[in-house]
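Atoms within each ligand, like the ligands themselves, are counted from 1 in listed order. Remember, it's a predicted structure, so these values are computed and weren't measured experimentally. All residue numbers in this chain count up from 1 along the given sequence.
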Amino acid sequence: MEGTLSWTFVARLADVPRLGSRVVRTERGDVAIFRTADDSVFALDDRCPHKGGPLSQGIVHGHAVTCPLHNWVIDLASGEAQAPDIGCVKRTPVHLDGDRILLGVVS
Ligand code: FES
């Protein structure tokens, strides 16, 4: 059953390096907040759909991240692995309010 979505402040934009990420601990595991070159933010589980590699330590390029373990490329907006690889990472709603990053938490 879906619960209520509430927005939780997790970091300021400046706390996340451009083309980098910051890990936020949540009740259902670590979520990586990614910041792209154009200052978009995305939030995905910090677990690669291949073998659980830490996506937060991957290389961000465009709106994608390359996993540090075996180089799968994950689309930050959809969480989908780029072909020919198949897999999907769970996304968390994320929202920028000025320079405040808010994570959508379902409770
Ligand atoms: S664990 Fe990410 S590509 Fe293998």
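- Within 6.0 Å of CG on L96 lie more than 12 heavy atoms contributed by other residues, nucleotides or ligands.
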Exercise for review: Decide salt bridge (Lys or Arg N to Asp or Glu O under 4.0 Å) for K90 and D45; before the verdict, give the C-alpha distance in whole Å, the side-chain angles of both, and the deciding distance to 0.1 Å.
Suggested key: CA-CA 6 Å; K90 187 170 182 350; D45 280 4; over 6 Å; no

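- At a cut-off of 3.5 Å, with distance as the only test, a side-chain donor of T92 or R28 sits close to an acceptor on the other residue.
- With a 4.5 Å cut-off on side-chain heavy atoms, L103 and V24 count as touching.
- If you number the atoms of ligand 1 from 1 as listed, the ones under 4.0 Å from a heavy atom of C67 come out as 1 (S), 2 (Fe), 3 (S).
- Atom 1 (S) of ligand 1 has its closest protein heavy atom at K51 N, 3.2 Å.
- Among the atoms of C48, none of the N, O or S atoms falls under 2.8 Å from atom 4 (Fe) of ligand 1.
- Aromatic ring orientation, W72 versus H50: parallel (interplanar angle below 30°, classes split at 30° and 60°).
- Atom 4 (Fe) of ligand 1 lies closest to atom ND1 when only the N/O/S atoms of H50 are considered.
- Close contacts between ligand 1 and W72 involve ligand atoms 3 (S) [criterion: under 4.0 Å to a heavy atom].
- Numbered from 1 in the order shown, with element, the atoms of ligand 1 that lie under 4.0 Å from a heavy atom of G53 read 1 (S).
- Looking only at protein heavy atoms, the nearest one to atom 4 (Fe) of ligand 1 is H70 ND1, 2.0 Å.
- Remark: the D46 side chain and the S56 side chain contain an N/O donor-acceptor pair separated by less than 3.5 Å.
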